[in-house]
Engineer: 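The structure under discussion is supplied below as structure tokens; questions concerning it will follow.
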Amino acid sequence: MPELPEVETVRRGLQPFLEGATIVTVKARRPDLRFPLPEAFARRLTGRRINQLWRRAKYLLADLDSGETLIMHLGMSGSFRVHAIGEAGGASAVAPGRFHHPRSGAQVHDHISFDLAVGKARHEVVYNDPRRFGFMDLAPTERLSQSRHLANLGFEPIGNQMSAEAIAERFAGRIAPIKAALLDQRLIAGLGNIYVCEALWQARISPLRAAGDMVARNRRPKAAAERLALAIRQILEEAIAAGGSSLRDHKLVDGSLGYFQHSFRVYDREGQECARCGGRIGRVVQSGRSTFYCPKCQR
DNA sequence: AAGGGAGCCTGGCGGC
DNA sequence: TGCCGCCAGGCTCCCT
């Protein structure tokens, strides 16, 4: 589910509860998510202080005072909820319903819970992930960039590294469709299906064009690459400001919803009218994933 | 080497 | 109403 804006939204929501907090207890209700949890997962976290919660691409990273970093990925359907412990609205904030475990109060797919303490305040942070495509891992903070999850990531699509030059450098010579290249986390890290579709629409670029087509013979970015760099940055920043896109699963840590889905111009709008040119939004399948675009004004 | 497809899971939705 | 197939925001492995 979550692409960069959703992960960043989650990070901002968790930050005030996690940073500076001590992990009092860790409850893992199963030994694995997508992958087995790392050896002695709970023991390596318990009693540790969280120094910093940051993000790389779609990864949430919590630096611990033990010299390790907790690496978290939400997969397609992962989400975090925070609620206060021992206060009105605390445990009772867990909505009753068919996903309710009769005994523990946890909901089905609440796979991992952390009890956190900052001073006298206590919070429970619960990770829920129905499809279990998410995962958690631990790696030494000093060698984090060499960890197997982060080692091969491309540049961040927001911030200083993002530029038409960076796109040109990564895309030069590639014959794969630009849609596929933008989804390739080894080139640019953080985009997913929604924001790639939206950015290509904004930049008026056909998803079917070859990625290498963004680059002129002299290796300089073409005008299209400039438009694309601008569009990606713009879309992501707007989406972050909107709290991300809530389709099925994405929720903010307080349970509220993002609203960027109301700003989609092409994603999941097959057959509808293009807001720019009045053409009809089409859908094609590229490397097994739906691409939405306007064939009339995206060239 | 790069590109494409299958597989991992569960849940929601549309169609019959 | 009920069942079935299809589809979903990601990533990794394997094949060509």
Side-chain angles (χ1 to χ4, degrees), chain A residues 1-10 29-36 55-60 71-80 97-99 107-111 127-137 147-154 157 170-200 207-213 232 235-236 239-240 242-252 257-264 266-271 283-292:
Chain A
M1 122 189 144
E3 307 182 29
L4 186 151
E6 289 74 35
V7 178
E8 178 60 22
T9 298
V10 170
R29 296 188 177 78
R30 47 179 307 135
D32 58 351
L33 294 168
R34 172 162 189 190
F35 307 117
R55 179 192 59 73
R56 169 80 170 101
K58 300 172 193 170
Y59 291 86
L60 281 172
I71 302 171
M72 298 170 279
H73 196 290
L74 304 178
M76 291 278 266
S77 59
S79 63
F80 281 99
R98 67 193 177 94
F99 294 127
Q107 297 185 279
V108 174
H109 306 311
D110 279 353
H111 303 306
Y127 178 70
N128 182 286
D129 187 354
R131 292 177 71 181
R132 234 183 307 127
F133 284 173
F135 50 87
M136 295 194 190
D137 203 356
S147 83
R148 73 185 183 100
H149 297 116
L150 306 184
N152 297 314
L153 292 177
R170 295 292 182 133
F171 286 14
R174 291 185 183 267
I175 59 168
I178 186 148
K179 163 79 188 307
L182 289 169
L183 282 176
D184 188 337
Q185 304 297 301
R186 295 167 302 183
L187 304 177
I188 303 189
L191 298 175
N193 208 30
I194 291 176
Y195 297 108
V196 165
C197 291
E198 294 299 318
L200 285 171
L208 307 172
R209 270 173 79 170
D213 216 30
I232 291 170
I235 296 279
L236 294 181
I240 291 169
S245 305
S246 292
L247 298 187
R248 292 159 192 81
D249 304 300
H250 172 65
K251 284 191 176 70
L252 280 61
L257 303 175
Y259 52 88
F260 191 75
Q261 65 277 11
H262 303 302
S263 302
F264 292 168
V266 284
Y267 185 81
D268 206 19
R269 294 178 63 91
E270 182 182 12
R283 184 179 81 95
V284 291
V285 175
Q286 295 180 282
S287 36
R289 333 238 355 230
S290 286
T291 301
F292 300 91

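Here is the naming used below: chain letters follow the sequence lines, and residue numbers restart at 1 for every chain. On a predicted model such as this, the values are computed, not experimentally measured, just so you know. The figures here come from the full heavy-atom set of this structure, side chains too, leaving out hydrogens, waters and symmetry mates.
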Engineer: How many Å lie between CZ on A:Phe35 and P on B:dC8, as a whole number?
Structural biologist: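 Atom CZ in A:Phe35 sits about 13 Å away from atom P in B:dC8.
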Engineer: A:Arg186 has an atom CZ; how far is it from atom P of C:dC11, in whole Å?
Structural biologist: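 For the pair A:Arg186 CZ and C:dC11 P, the rounded distance is 12 Å.
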Engineer: Please state the P separation for the pair B:dA6 and C:dC6 - nearest whole angstrom.
Structural biologist: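 Going atom to atom, P in each nucleotide, I get 13 Å.
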Engineer: Which nucleotide, B:dT10, C:dG10, C:dT12, lies nearest any side-chain atom of A:Asn193?
Structural biologist: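 Shortest atom-to-atom distance from the side chain points to C:dG10.
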Engineer: Do the side-chain N or O atoms of A:His73 get closer than 4.0 angstrom to the phosphate oxygens (OP1, OP2) of C:dG10?
Structural biologist: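 For A:His73, the contact criterion (side-chain N or O under 4.0 Å from OP1 or OP2 of C:dG10) is not met.
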Engineer: Please determine if A:Arg148 forms a cation-pi arrangement with A:Phe135, meaning its NZ or CZ atom is less than 6.0 Å from the six-membered ring centre and no more than 45° off the ring axis.
Structural biologist: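 So A:Arg148 doesn't make the cation-pi contact.
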Engineer: For the pair made of CZ in A:Phe135 and C1' in B:dC8, what is the distance, rounded to whole Å?
Structural biologist: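 After rounding, the gap between these two atoms is 13 Å.
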Engineer: My validator wants the stems of DNA chain C: runs of 3 or more consecutive Watson-Crick or G-U pairs, both distances under 3.5 Å, written as range with range.
Structural biologist: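 As far as DNA chain C goes, consecutive pairing (with distances under 3.5 Å) yields the stems B:2-8 with C:10-16, B:10-16 with C:2-8.
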Engineer: When you measure from the side chain of A:Lys58 to the backbone N and O of A:Glu8, does any donor-acceptor pair fall under 3.5 Å?
Structural biologist: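 Side chain of A:Lys58 to backbone of A:Glu8, a donor-acceptor pair under 3.5 Å: no, none is there.
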Engineer: Ignoring hydrogens and geometry, is there a side-chain-to-backbone donor-acceptor pair from A:Glu198 to A:Ile235 under 3.5 Å?
Structural biologist: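 No: the side chain of A:Glu198 does not pair with the backbone of A:Ile235.
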Engineer: Expressed as a whole number of angstroms, how long is the span from A:Arg56:CZ to C:dC11:P?
Structural biologist: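 Rounded to whole Å, this separation is 12 Å.
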Engineer: Using atom CG of A:Leu74 as one end and atom C1' of C:dG10 as the other, report the distance to the nearest whole Å.
Structural biologist: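 Rounded to the whole Å, the gap is 10 Å.
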Engineer: In terms of the angle between their ring planes, are A:Phe292 and A:Tyr267 parallel, tilted or perpendicular, with boundaries placed at 30° and 60°?
Structural biologist: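 Ring orientation of A:Phe292 relative to A:Tyr267: perpendicular.
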Engineer: Is any N or O donor-acceptor pair between the side chain of A:Arg131 and the base of B:dC9 shorter than 3.5 Å?
Structural biologist: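 Such a pair exists between side chain and base.
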Engineer: Using the side-chain contact (heavy atoms from CB on, under 4.5 Å) rule, pick out the option among A:Asp110, A:Leu74, A:Val108 that qualifies with A:Asn128.
Structural biologist: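 Only one option passes, and that is A:Asp110.
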Engineer: Do A:Val10 and A:Pro2 touch side chain to side chain, with heavy atoms closer than 4.5 Å?
Structural biologist: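 They are not in contact (no side-chain heavy atoms under 4.5 Å apart), so the answer is no.
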Engineer: Could you tell me whether the phosphate oxygens of C:dC11, OP1 or OP2, come under 4.0 Å of any side-chain nitrogen or oxygen in A:Gln185?
Structural biologist: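 Yes.
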Engineer: Counting only side-chain nitrogens and oxygens, does A:Ser290 get under 4.0 Å of the OP1 or OP2 atom of C:dA8?
Structural biologist: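 Answer yes for this pair, as a side-chain N or O of A:Ser290 is under 4.0 Å from OP1 or OP2.
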Engineer: How is A:Ile175 classified with respect to the nucleic acid when contacts are heavy atoms under 4.0 Å: base, sugar-phosphate, or nothing?
Structural biologist: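 Answer is sugar-phosphate: A:Ile175 comes under 4.0 Å of backbone atoms only.
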Engineer: For B:dC9, does OP1 or OP2 lie under 4.0 Å from any side-chain N or O of A:His109?
Structural biologist: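 No.
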Engineer: What is the separation between atom CD on A:Gln107 and atom P on B:dT10, rounded to the nearest whole Å?
Structural biologist: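 Answer to the nearest Å: 17 Å.
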Engineer: Measuring only the P atom in each nucleotide, how far is B:dA1 from C:dC11? A whole number of Å is fine.
Structural biologist: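 B:dA1 and C:dC11 have their P atoms separated by 23 Å.
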Engineer: Return the nearest nucleotide to the side chain of A:His149; candidates are B:dT10, C:dT12, B:dG4.
Structural biologist: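 Among B:dT10, C:dT12, B:dG4, the one nearest the side chain of A:His149 is C:dT12.
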Engineer: Categorize A:Tyr195 for me: base, sugar-phosphate, or nothing, with a 4.0 angstrom heavy-atom threshold over every strand shown.
Structural biologist: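 It contacts nothing in the nucleic acid.
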Engineer: Without decimals, in angstroms, what is the distance between A:Leu182 CG and C:dC11 P?
Structural biologist: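 Interatomic distance, CG of A:Leu182 to P of C:dC11: 14 Å.
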Engineer: Can you tell me if the side-chain N/O atoms of A:Arg34 get under 4.0 Å from OP1 or OP2 in B:dC9?
Structural biologist: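 No, A:Arg34 has no side-chain N/O under 4.0 Å of OP1/OP2 on B:dC9.
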Engineer: With respect to the phosphate group of C:dC7, does any side-chain polar atom (N or O) of A:Arg289 fall under 4.0 Å of OP1 or OP2?
Structural biologist: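 The answer is no; no side-chain N or O of A:Arg289 sits under 4.0 Å from OP1 or OP2.
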Engineer: A:Ile178 has an atom CD1; how far is it from atom P of B:dG4, in whole Å?
Structural biologist: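 Taking CD1 of A:Ile178 and P of B:dG4, I get 14 Å after rounding.
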Engineer: For A:Phe133 and C:dC11, say yes or no: do the ring centres fall under 5.5 Å of each other while the ring planes differ by less than 30°?
Structural biologist: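 Stacking is absent between C:dC11 and A:Phe133, given that the ring centres and planes do not meet under 5.5 Å and under 30°.
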Engineer: In this structure, are over 12 heavy atoms from other groups packed under 6.0 Å from A:Leu257 atom CG?
Structural biologist: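 Yes.
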Engineer: Which heavy atom in A:Leu4 sits nearest to a heavy atom in A:Arg55, and how many Å separate them?
Structural biologist: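 Looking at all heavy atoms of both residues, the closest pair is CD1-NH1, 3.2 Å.
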